[in-house]
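Report on one structure; see the data block that follows.
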Amino acid sequence: MKTVRNPAGWPATQEQARAAQDELRGRVVLDEPGPPPGTGTVTGVDVAYDDERDLVVAAAVVLDAVSLQVVAEATAVGQVSFPYVPGLLAFREIPTVLAALDALPCPPGLVVCDGYGLAHPRRFGLASHLGVLTGLPTIGVAKNPFTFAYQEPGAPRGSTSPLLAAADVDAAHEDAHEDADEDADEVGRALRTRDGVKPVFVSVGHRVSLDNACAHTLALTPEFRLPETTRRADSLCRRALRETTP
DNA sequence: GCGACAG
DNA sequence: ATCTTGTCGC
C-alpha cells in the first residue's frame, strides 16, 4: 500500500474546484441503463480520515452481485489535500479512491459510492465525478438528504419517493404547461431499504439509470439499511487506517 | 444577512 | 467524517 499523489492539475481552491465541476459535468452519461442488477460484480468505495496526521485511507471492495461474497479488495493512503466543503466532497476523496480502484486485481463492475451523484448543487457529486474520471458505471447512496426536499416513503422496504431539487425557474419556461408538480426535478430517490427504517438517498452517478440504481441498492441491502458494498468498504478503510503507522 | 450543509 | 457507554435483540 503506497501513498498517493493528486492527479496533475487537481484543483487547490474552491473556485478551481467549482470550475472543474462545471466543466466535467457535461461528460456525464445519463442515457445508459447500466449493468442489470444481480449480474457480474459490484464494488463499494469509502474513505476514513486521520485528522491528526491529515491522512486519508480509501478502500475498494469487489462483491459478487449474486452471493454478495467478497471477490477482491484493495486500499490506498493519501494526504488530505482539500478541506471538507459541502458540495466539494469529491476533491477530498477521489484521488485516493482512484488509487484503491487501480490496485484491484479485477474489473470493478458497477461502483457504489458513499454520497451523491446527480443529487448535488451543481448536479455533479462524488459518484458522477468518479464515473467521468474512470468511465465506470457509478451510483451514489447517501445517508442524508442534504438540502433536497422529499416526501417520506411508505414504511415497507422498497418504497420510494422522489428527491426534488428546485427547478431553474429562469430556464424552465414553466408557462408552457400549466400542470402542477412541474416545478421540481427528480435528482434522486429516497429509498426504504428496511421496513420502517430511515431511507437512504440514491442518485445516478454515470452510465446507470435511476431505476437500476435503486434496484441495485435493494439487491445490496438484504439485511441492513446500508448497501453491503458500503459496509464492507467502510470497515476495510477503518481497519487500514488503524493499521497505518508511518 | 442568516441558516443549512454528502463525508 | 470522528469522538464514545451502555443497551436491546437475534
Side-chain angles (χ1 to χ4, degrees), chain A residues 11 14 17-18 20-21 24-25 28 44-61 75-98 100 111-133 138-150 162-166 185-191 193-206 210 213-214 217 222-227 229-244:
Chain A
Q14 296 185 30
R18 290 193 186 89
Q21 289 180 331
L24 292 174
R25 183 176 43 201
V28 174
V45 294
D46 194 17
V47 302
Y49 299 100
D50 179 342
D51 289 333
E52 303 290 282
R53 299 170 182 178
D54 273 346
L55 288 181
V56 52
V57 174
V61 180
T75 59
V77 190
Q79 202 76 29
V80 175
S81 63
F82 209 91
Y84 171 63
V85 180
L88 301 180
L89 183 62
F91 298 92
R92 202 169 150 78
E93 306 199 338
I94 279 191
T96 315
V97 167
L98 286 175
V111 178
V112 181
C113 298
D114 203 357
Y116 291 138
L118 252 191
H120 176 275
R122 283 169 297 283
R123 303 292 185 276
F124 195 70
L126 171 64
S128 308
H129 202 147
L130 186 64
V132 165
L133 261 40
T138 61
I139 67 173
V141 180
K143 307 176 202 65
N144 298 293
F146 204 43
T147 58
F148 297 104
Y150 71 100
L163 258 192
L164 301 178
D185 288 342
E186 182 180 35
V187 295
R189 277 178 202 152
L191 171 65
T193 55
R194 307 299 305 157
D195 289 351
V197 175
K198 175 178 176 175
V200 297
F201 304 89
V202 179
S203 59
V204 161
H206 184 58
L210 184 52
C214 289
T217 303
E223 189 173 4
F224 300 104
R225 175 191 176 227
L226 296 180
T229 39
T230 300
R231 290 167 40 77
R232 294 281 190 172
D234 181 76
S235 63
L236 177 56
C237 66
R238 289 193 201 216
R239 179 159 52 82
L241 180 60
R242 288 199 305 271
E243 294 169 355
T244 298

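Here B/dA6 presents its C1' atom at 8 Å from CG of A/L126, a figure rounded to the nearest Å. Put simply, CD on A/E223 is 13 Å from P on C/dC10, counting in whole angstrom units. In this structure, A/L241 places its CG atom 11 Å from C1' of C/dA1, rounding to the nearest Å. The separation between A/F224 atom CZ and C/dG9 atom P is 17 Å, rounded to whole Å. Atom P of nucleotide C/dT2 and atom CG of A/L55 are separated by 13 Å, given to the nearest angstrom. Going from atom CG of A/L191 over to atom P of B/dA6 covers 19 Å, rounded to whole Å. Residue A/L163 contributes atom CG, which lies 14 Å from atom P of B/dC5 at whole-angstrom precision. Atom pair A/K143:NZ and B/dA6:P shows a separation of 11 Å (rounding to whole Å applied).
The residue A/A48 sits close only to the backbone: its heavy atoms come under 4.0 Å of sugar-phosphate atoms, none of a base. If you check every strand for non-hydrogen atoms under 4.0 Å, A/I94 touches nothing. Among the atoms of the strands shown, none is found under 4.0 Å from any heavy atom of A/G140.
Using modelled atom types, no side-chain atom of A/R122 and backbone atom of A/Q21 make a donor-acceptor pair closer than 3.5 Å.
Dashed line: the shortest gap from a side-chain N or O of A/R238 to OP1 or OP2 of C/dA1 is under 4.0 Å. Contact check, A/N144 against B/dG7: a side-chain N or O comes under 4.0 Å of OP1 or OP2.
You can call A/Y84 stacked on the base of B/dG7; the centres are under 5.5 Å apart and the planes sit within 30°.
Note: A/Y150 and A/F201 meet the aromatic proximity criterion, with ring centroids under 6.0 Å apart.
Taking the charged nitrogens against the carboxylate oxygens, A/R238 and A/D46 have no contact shorter than 4.0 Å, which rules out a salt bridge.
A donor and an acceptor atom, one from each side chain of A/Q14 and A/R18, are located under 3.5 Å apart.
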Inset, instruction - Evaluate the criterion side-chain hydrogen bond (donor to acceptor under 3.5 Å, both in side chains) for residue pair A/Y84 and A/E93; output intermediate values, then yes/no. - result: CA-CA 10 Å; A/Y84 171 63; A/E93 306 199 338; over 6 Å; no

